Amino acid sequence: MKTARMRWRLRALLASTAIGLSAAAYAQSTGPVWDSSQLPESRGTVKQYTLTPRGDVDGVILTDGTEVKLPPHLTAQTVFSIRPGDQVSIRGLRARAVALVDTASITNVATGRSVVDSGPPDRRDRSQDQPISGRITAPLHGKRGEVNGALLEDGTVLRLPPPEAERLQDWLRQGQPVSVRGAILDTPLGRVVDVRAIGSSPEQMSELAGARPPRGPADGPDRRAPPPPGFGPPPPPPPRS
């Protein structure tokens, strides 16, 4: 109980410090609202990660026993940038009675890669359709062998509902030029597109059957049932090679 109360007080103090350091910058920037470089620095060597019950990384343990707390939504960035054995620089607030740091940023000293806590990720861009064009390098499959997407030459992953991906296999063959529109998600591990339309060019695309229209953050949950499979006009056939 005392540890939980202490962590709550640390986070409250960190929040108030952040506001005091960057109130002016907040109104002009959509990035982090405070400068973590102004917080106290600690250094050490990473011994291991700490994990949540779901397997997300929520911090690291240093070789001197210090517990460094990180939010789980930074799991991918943390694993990509920081590994056991790395020397790190930590910016955050250190507890008085416990070897514990509530972290604002952690940097790999050797590589310079940093993980910065800028708050939970903003998923609003997922509802905005954007066109992407490229050439298919390979179809992608589910664990039963069903086609459920494709890989573009630039590494972008396209995902389609399996019934539609099966119906549109000609568009997902290796070497096929294609344009798609859908919700794009960029992550430290790559880019994925939830495809809603496909065609030969950004100007000639047809909606996938069952694809839901893009929704804004203020629209609230979508409780409408998706159309049945096969509903809606099929996309134009791919060009013959």
Side-chain angles (χ1 to χ4, degrees), residues 2-126 151 153-157 184-192:
K2 290 183 178 179
T3 302
R5 187 180 299 111
M6 183 188 314
R7 289 186 60 191
W8 181 86
R9 290 177 178 173
L10 279 171
R11 292 187 179 278
L13 179 59
L14 181 62
S16 61
T17 303
I19 294 173
L21 290 174
S22 62
Y26 177 78
Q28 301 176 357
S29 173
T30 58
V33 298
W34 42 269
D35 181 4
S36 61
S37 67
Q38 300 186 47
L39 296 172
E41 181 186 25
S42 303
R43 290 203 171 210
T45 302
V46 175
K47 179 181 180 181
Q48 68 177 77
Y49 302 118
T50 58
L51 306 175
T52 70
R54 297 179 52 185
D56 295 322
V57 174
D58 67 350
V60 298
I61 303 292
L62 304 183
T63 53
D64 65 1
T66 299
E67 185 179 359
V68 178
K69 301 306 297 180
L70 290 160
H73 68 259
L74 295 176
T75 291
Q77 295 181 45
T78 300
V79 173
F80 179 76
S81 302
I82 308 294
R83 298 180 181 179
D86 290 342
Q87 185 179 6
V88 292
S89 169
I90 303 152
R91 295 284 183 173
L93 294 182
R94 180 180 285 272
R96 289 182 180 275
V98 181
L100 174 69
V101 180
D102 192 6
T103 307
S105 68
I106 182 169
T107 301
N108 187 317
V109 174
T111 65
R113 292 174 178 164
S114 293
V115 179
V116 180
D117 181 12
S118 302
D122 186 353
R123 303 294 189 184
R124 289 176 295 178
D125 286 345
R126 290 180 62 91
L151 186 66
E153 286 181 334
D154 65 358
T156 298
V157 173
I184 300 172
L185 179 61
D186 287 304
T187 79
L189 303 180
R191 166 179 283 191
V192 60

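These numbers were taken from a predicted model, which means no experiment stands behind them. Only heavy atoms go into these numbers, but all of them, side chains included; no hydrogens, no water, no symmetry mates.
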Subject >> Distance in Å, Leu74 CG paired with Asp117 CG, rounded so as to fall on 0.5 Å steps >> reply: 5.5 Å
Subject >> For Pro84 against Lys47, the heavy-atom pair lying closest together >> reply: CB-O, 3.5 Å
Original post:
Do Thr66 and Arg94 have side-chain heavy atoms sitting under 4.5 Å apart?
Top reply: yes
Subject >> Test side chain to side chain contact (heavy atoms under 4.5 Å, CB included) applied to Leu62 and Thr45, Ile90, Val101, the passing residue >> reply: Ile90
Original post:
If you round to the nearest 0.5 Å, how far is CD1 of Ile82 from OG of Ser114?
Top reply: 7.5 Å
**OP:** Take Asn108 and Ser81 through the test side-chain contact (heavy atoms from CB on, under 4.5 Å) and record every step on the way to the result.
**Re:** CA-CA 7 Å; Asn108 187 317; Ser81 302; 5.6 Å; no
Subject >> Polar side-chain atom of Thr75 near backbone of Val57 as donor-acceptor pair, under 3.5 Å >> reply: yes
Original post:
About how many Å separate CD of Gln87 and OG1 of Thr111, when rounded to the nearest 0.5 Å?
Top reply: 11.5 Å
**OP:** Nearest 0.5 Å please: distance from the CZ atom of Arg191 over to the CG atom of Asp154.
**Re:** 7.5 Å
Original post:
Charged N to carboxylate O below 4.0 Å: is that the case for Asp102 and Lys69?
Top reply: no
Original post:
For the residue pair Val60 and Tyr49, what are the closest heavy atoms and their distance?
Top reply: CG1-CD2, 3.8 Å
Original post:
Within the distance-only criterion (no hydrogens, no angle test), does the side chain of Arg91 pair as donor or acceptor with the backbone N or O of Leu39 below 3.5 angstrom?
Top reply: yes
Subject >> Partners passing side chain to side chain contact (heavy atoms under 4.5 Å, CB included) against Val157 (at least two apart in sequence or in another chain) >> reply: Leu140, Leu151, Arg159, Val192
Original post:
Sequence neighbours excluded, which residues qualify as side chain to side chain contact (heavy atoms under 4.5 Å, CB included) partners of Thr52?
Top reply: Arg54, Asp56, Asp58, Pro72
Original post:
Roughly how far, to the nearest 0.5 Å, is the CG atom of Leu100 from the CG atom of Leu93?
Top reply: 10.0 Å
Original post:
Roughly how far apart are Thr78 OG1 and Ile106 CD1, rounded to 0.5 Å?
Top reply: 7.5 Å
